[in-house]
Every structure is written in structure tokens, then in C-alpha cells.
S.K.: 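My questions all concern the structure below.
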Amino acid sequence: MKKIGVGFICGAIFFTGISASASNLTAETKDYKLFIDDKEQVLRDKPISIQGKTYLPVREVAEAVGYEFAFKNETIQLSSNRNDEKKEGATSSDRNVKLGKIPITQKLKDVEVTVHAIRLTESTTDFEVTVKNNTDHENITLDLLSTRVEANNNVAGKPSETVGIAPVNPDFGNVTIKPKKEIHGWVSTKGLVKKNIDNIAFQLSLHGKSEKRTFTFHIDCKDMKFRTL
């Protein structure tokens, strides 16, 4: 179980239900640091304090510890995909993982994924990818909700940062890749706060007929020329 260095309160979908019931309450932003497994995590939304209690942005914290976040019908749902990571490849928490320069291609059970480029914008971190379905009978789809990016893992003097999928993904949102076909486009995750990046771990999962394939790309970003809009 991962440790969180500041109290995790699921009510941190910020002021929902608080200001409506007590308008005299004051929320104060705090410059608290968040450490997960002794590594500092950068939060886009600062923690807040209300009546001596600290609230964190639940989506960001969930993604940082490897959970998928969903909010529907006034219910918060956190789903772990860490079992898939352990089965199908190394994660960015491995200190001795080998970093590679893009383009990088990985193959797993007759499916091939290539990362060609990375684009940084204020609101998104985008990955140019090609997915080739070399199977004979399987349709392949992307499990975008499982997509995860970790930047600056184990870099001295730089906090690591983890983000999940961006809300808009037109290239791969509702795409089915037929057998012996391929598709090329951009996968968009949320924007990274820090743009001075030494390494990135990009995790992408695909669904097949009966199983899930998870690809983790450990990318060396030193001296990389990132694309911009």
C-alpha cells in the first residue's frame, strides 16, 4: 500500500456541499507538499484547509497512486489497475529501468505500438502513436481511462508528477482497430505542471477479445525537442 504524506480526504472535490451549507466557512489554499513513497508529487490544484482539515484534489491523488477516477450520480469511484502493471511490464517506479529515445516500438501478443513524438501544451501532454493490430481475429480498442503518464521519476532535485487521460481524445476515443489494420494519431493526457522533463513513463492499455495488453514506454527526454502547437 502506498503512503500519502498528507491526509487524503475524499471530500476534496473541493467546495461541493460545503459552501452551500455554511457560507461563513473560509477555504484557505496551502502550499503543502505531497510525498508518495518518499517522492514529491506536484499537484495542479493546491490543497485547501477548511476549519483545520486539509483537503486534496481526489482525482489528482488517485491518479498519482495508480487508480482510475470516476464521478457519476454523486458517487466517487476509484478503480485500481496496478495488477495489470505488475503482470505485463515494469513501471516507472523501478529505479534501474532502461530509458529509450523515441521513436520506441513495443510488441505484445501480435499488437505493436510505436511512440513517435511528444507534444507539450499548457493543458495537455500529447503522444503521437501508431497502433498495429497484427492478430488474425481480434478487434483492438484503447482503454484510455487506464492511460497514465509519470514525469521525472527518480530525478534528483525534481519532483515526480503523474497525470491521467485528458477529457478530449478525438483520434482514439471511439476507435476499433480491425485485424491486420493500423491507426495513427495522438493520445492526449492532462498537462504537466513542470515542463523541464528528464524522463517520462507513458502507459497505454489495449483491450482485445479476451485479454488486456499494457504497454509502458520509459522515455529519455534529455535533449529532446518537444513539439508544441
Side-chain angles (χ1 to χ4, degrees), residues 1-82 84-85 91-93 118 120-127 143-155 158-169 173 187-197 199-205:
M1 180 69 76
K2 294 186 176 182
K3 297 180 293 182
I4 300 176
V6 183
F8 183 162
I9 300 176
C10 284
I13 294 190
F14 289 137
F15 310 103
T16 304
I18 296 176
S19 59
S21 60
S23 59
N24 62 328
L25 295 182
T26 300
E28 180 182 0
T29 59
K30 295 291 186 179
D31 290 322
Y32 293 152
K33 293 182 178 180
L34 174 67
F35 287 83
I36 298 175
D37 287 343
D38 298 322
K39 295 184 297 182
E40 185 179 355
Q41 295 284 333
V42 177
L43 296 175
R44 295 184 301 278
D45 294 314
K46 290 184 177 182
I48 62 172
S49 177
I50 301 176
Q51 288 191 324
K53 293 183 178 180
T54 301
Y55 293 78
L56 299 181
V58 63
R59 182 189 296 273
E60 286 189 65
V61 176
E63 291 171 351
V65 296
Y67 282 77
E68 299 171 15
F69 170 90
F71 181 68
K72 187 176 181 181
N73 297 328
E74 298 185 354
T75 299
I76 299 170
Q77 182 174 340
L78 304 181
S79 302
S80 173
N81 56 26
R82 286 176 292 177
D84 295 318
E85 296 174 12
T91 69
S92 56
S93 62
I118 303 174
L120 300 180
T121 74
E122 287 301 316
S123 58
T124 63
T125 306
D126 307 321
F127 296 83
D143 181 10
L144 290 178
L145 290 178
S146 296
T147 303
R148 193 171 167 218
V149 169
E150 183 178 14
N152 288 331
N153 180 62
N154 291 320
V155 177
K158 294 183 181 180
S160 62
E161 183 179 358
T162 303
V163 296
I165 197 69
V168 178
N169 269 276
V187 175
S188 294
T189 64
K190 294 176 182 177
L192 294 165
V193 174
K194 302 296 183 181
K195 306 302 183 185
N196 184 13
I197 300 170
N199 64 59
I200 282 180
F202 171 51
Q203 182 175 287
L204 185 68
S205 295

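Below, all heavy atoms of this structure are taken into account, side chains as well, without hydrogens, waters or symmetry copies. We're numbering straight along the sequence, starting at 1.
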S.K.: Applying side chain to side chain contact (heavy atoms under 4.5 Å, CB included), run through Arg148 and Thr162 and close with a yes or a no.
M.R.: CA-CA 7 Å; Arg148 193 171 167 218; Thr162 303; 3.4 Å; yes
S.K.: Listed by chain and number, what are the side-chain hydrogen bond (donor to acceptor under 3.5 Å, both in side chains) partners of Lys190, not counting sequence neighbours?
M.R.: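 With sequence neighbours excluded, Lys190 shows a side-chain hydrogen bond (donor to acceptor under 3.5 Å, both in side chains) to Glu63, given in chain and number order.
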S.K.: Testing the basics here: between Thr125 and Gly191, what is the closest heavy-atom pair and its distance to 0.1 Å?
M.R.: OG1-CA, 3.8 Å
S.K.: I need the minimum non-hydrogen distance between Asn199 and Asn153, along with the two atoms involved.
M.R.: OD1-N, 3.0 Å
S.K.: How many angstroms lie between CD1 in Ile165 and CG in Leu204, if you round to the nearest 0.5 Å?
M.R.: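 Reported to 0.5 Å precision, the distance equals 8.0 Å.
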S.K.: Answer yes or no: is there a side-chain heavy-atom contact under 4.5 Å between Thr147 and Asn169?
M.R.: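 Result no, sub-4.5 Å side-chain heavy-atom pair not found.
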S.K.: With side chains defined as the heavy atoms from C-beta onward, is the minimum distance between Phe202 and Ile118 less than 4.5 Å?
M.R.: no
S.K.: Under a 3.5 Å threshold, yes or no: a donor from one side chain and an acceptor from the other, between Asn152 and Lys194?
M.R.: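 No, no side-chain donor-acceptor pair sits under 3.5 Å.
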S.K.: Partners of Ser188 by side-chain hydrogen bond (donor to acceptor under 3.5 Å, both in side chains), sequence neighbours excluded?
M.R.: Asp126
S.K.: Can you give me the closest heavy-atom contact between Thr189 and Gly164, atom names plus distance?
M.R.: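 Between these two residues, the closest heavy atoms are CB-O, 3.2 Å.
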S.K.: Are Thr54 and Lys30 close enough that some pair of their side-chain heavy atoms sits under 4.5 Å apart?
M.R.: no
